Amino acid sequence: MHRYELISCHDCGVLHRKRLLRRGERARCTRCRAPLYRGGAADLNRVVALTLGAALVFLIAQFFPIVALEVNGLHSSATLLGAIAVLWSEQMQVVAAMVFFFTILFPAVELGALLYVALGLRAGVLAPGLHRVLRAVQAARRWGMTEVLMIGILITVIKMTSLAHVVPHPGLFAFGALTLLLALVLAVDPKALWDLADDMAPRPPPRRSYAALLASGAALLPCHACGLVTPVAAGAGRARCARCGCALHRRRPDSVNRTWALLIAAMILYVPANLYPVMYTRTLFGIENDTIMSGIVFFWNSGSKGMAAIIFIASIVVPMLKLAVLTLLAWTAQRRSRWRPQQRTRLYRLVEFIGRWSMLDIFVVTLTVALVRFQALAVITAGPGALAFGSVVVLTMLASMQFDPRLIWDPIDAEPQLPHGEAHV
């Protein structure tokens, strides 16, 4: 049985009463259709097996070369760590840090933290710092980009086949396996682990009655980390979640202002990101500057129209779509517009989903710079456009995280509503 009776929709703020679901069922918000939770308890044996397997493959992917190039008797290979080191040595420390955080640090934090918690729960023990560790899992998931890196590796391999003989190495296959394993690990909901931890607690928290809470006049504030709905007395100061200690807010402080600030900064940087070169190619015949658009044209003219379309969507369409949608959301929220709240909520989910894919071009640049190091023939280095474009991606992701989607529904909610029942699909 659930220890807590209430759950709040992350996207619109409506309260629902929890009830048990069968495995495979999913509860959705009755108003905005956002997913709330899945049925069935977490299978700890499966979680440990998947996480441990992904961690082992992760280590192989980091320390073995991904591909090697052979041209005119010259040989060049690259690992992901080696590619990051090349960027760092070329005074592109910010870009190198982005790639390190998104492809190494955050996936490692997610796997290590999840394994730490799951092993403890499997042994019937609440691991020290369990709540903070599970919050770290949620934060790392938002920034880990292994699947985007894998697509970037494939694009780089296809691009390099026109320049040299490409030899695949164990790192390439390890990253492919890691992408699949992480997709399975993502199905593990940290909130389900919080529920298991509550069942193992020496003194399980009492089951709360939502009717009594509403009658008392207390404000019901949801925790966006663990999902617990906590009653907070009127006039109380800074409140924290009774379970995980996360700060509670009725709405995210200064949400619209922070979104505008990050959005304007991203718009400003988007101009040099497209005008300045992302790569410089130095050969015996001179120096060639490559912008994002020239890379798309290269793939198109070389017959790889599919790759050209992928890069065009990820590097041109997605950033422009994110900027346009976030502008619409911030403007309508600031005006407290009642216009199409459900459609705007769907746009918010779309931006959250596609935000990371714009890093594709940065990963292609990273691997290309590391592979093409033939001093006598050709050397490719990163340009200022890569720094500007990577900054645009980070700023737009931060803007979407700062925006509170419940602001979309505030003008609709003229009066407080009682918790709704959930629909299952």
Side-chain angles (χ1 to χ4, degrees), residues 1-21 26-32 34-42 44 47 113-114 117-118 120-121 126-142 188-234 236-253 255 401 404-406 409 416-422:
M1 295 294 292
H2 289 286
R3 297 295 181 189
Y4 301 99
E5 187 175 39
L6 298 178
I7 186 170
S8 174
C9 175
H10 172 274
D11 291 353
C12 71
V14 167
L15 292 176
H16 299 73
R17 280 180 290 180
K18 275 187 176 181
R19 64 184 178 90
L20 291 177
L21 305 178
R26 175 180 292 185
R28 290 184 178 273
C29 176
T30 55
R31 181 161 71 170
C32 72
L36 297 175
Y37 60 95
R38 296 187 180 94
L44 292 176
V47 173
L114 196 58
V117 172
L121 293 176
L126 297 181
L130 177 141
H131 300 303
R132 291 187 178 182
V133 173
L134 284 177
R135 284 166 57 186
V137 171
Q138 292 180 319
R141 280 187 174 180
R142 304 189 77 170
V188 179
D189 187 356
K191 293 180 181 178
L193 299 181
W194 259 303
D195 288 336
L196 288 177
D198 286 340
D199 292 333
M200 295 181 184
R203 294 182 178 178
R207 187 179 179 89
R208 300 182 183 275
S209 168
Y210 78 92
L213 291 173
L214 289 175
S216 69
L220 302 181
L221 300 183
C223 175
H224 284 309
C226 71
L228 174 67
V229 177
T230 302
V232 178
R238 188 174 183 181
R240 289 194 172 274
C241 176
R243 178 159 62 179
C244 72
C246 184
L248 300 178
H249 307 283
R250 182 184 174 276
R251 295 293 180 263
R252 188 183 296 275
S255 172
M401 292 177 187
D404 192 333
R406 294 172 297 180
W409 294 90
Q417 297 180 357
L418 290 178
H420 291 60
E422 69 277 357

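Residue numbers start at 1 and run along the sequence shown. Predicted, not measured: the structure shown is a model, and the values here were computed from it.
When every heavy atom of R28 is checked against every heavy atom of P35, the shortest pair comes out as NH1-CD, 3.7 Å. Closest of all the heavy-atom pairs between A225 and Q138 is O-NE2, 2.7 Å. Minimum interatomic distance between V137 and P190 (heavy atoms only, all atoms of both residues): CG1-CG, 4.1 Å. Residues C32 and D11 share a closest heavy-atom pair of SG-CB, 3.9 Å. The shortest non-hydrogen separation linking G13 to S8 is O-OG, 3.7 Å. Closest heavy-atom contact between C241 and L228: SG-CD2, 3.9 Å.
Distance check, rounded to the nearest 0.5 Å: CG of L36 to NE2 of H16 gives 5.5 Å. The OH atom of Y37 sits 7.0 Å away from atom NZ of K18, with the distance rounded to the nearest 0.5 Å. Rounding to the nearest 0.5 angstrom, the gap separating the CG atom in L15 from the CD1 atom in I7 is 10.0 Å.
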Using distance only, find each side-chain donor-acceptor pair of residues 128-135 under 3.5 Å and give its atom names and separation, not counting sequence neighbours.
unit_1	atom_1	unit_2	atom_2	d
H131	ND1	W194	NE1	2.8
H131	NE2	R243	O	3.3
R135	NH1	C244	O	3.2

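By the side chain to side chain contact (heavy atoms under 4.5 Å, CB included) test, A127 pairs with Y116, sequence neighbours left out. Looking at residues two or more places apart in sequence or on another chain, you find a side chain to side chain contact (heavy atoms under 4.5 Å, CB included) between A136 and V109. Every residue meeting the side chain to side chain contact (heavy atoms under 4.5 Å, CB included) condition with R252, not counting sequence neighbours, appears here in chain and number order: S255, Q402, D404. Judged as a salt bridge (charged side-chain N to carboxylate O under 4.0 Å, His left out), and not counting sequence neighbours, the contacts of R251 are D410. Among residues two or more places apart in sequence or in another chain, the salt bridge (charged side-chain N to carboxylate O under 4.0 Å, His left out) test is passed with R38 by none. Considering only residues two or more places apart in sequence or on other chains, P253 meets the side chain to side chain contact (heavy atoms under 4.5 Å, CB included) condition with H249.
No side-chain heavy atom of L248 sits under 4.5 Å from any side-chain heavy atom of R240. V47 places none of its side-chain heavy atoms less than 4.5 Å from the side chain of L121. In this structure, the side chains of T230 and L220 stay at 4.5 Å or more apart for every pair of heavy atoms. The side-chain heavy atoms of C246 and C226, taken from C-beta on, include no pair separated by under 4.5 Å.
Put simply, the side chain of R31 gets close to the backbone of C12: a donor and an acceptor are under 3.5 Å apart. Not a single donor-acceptor pair under 3.5 Å links the side chain of H224 to the backbone N or O of P222.
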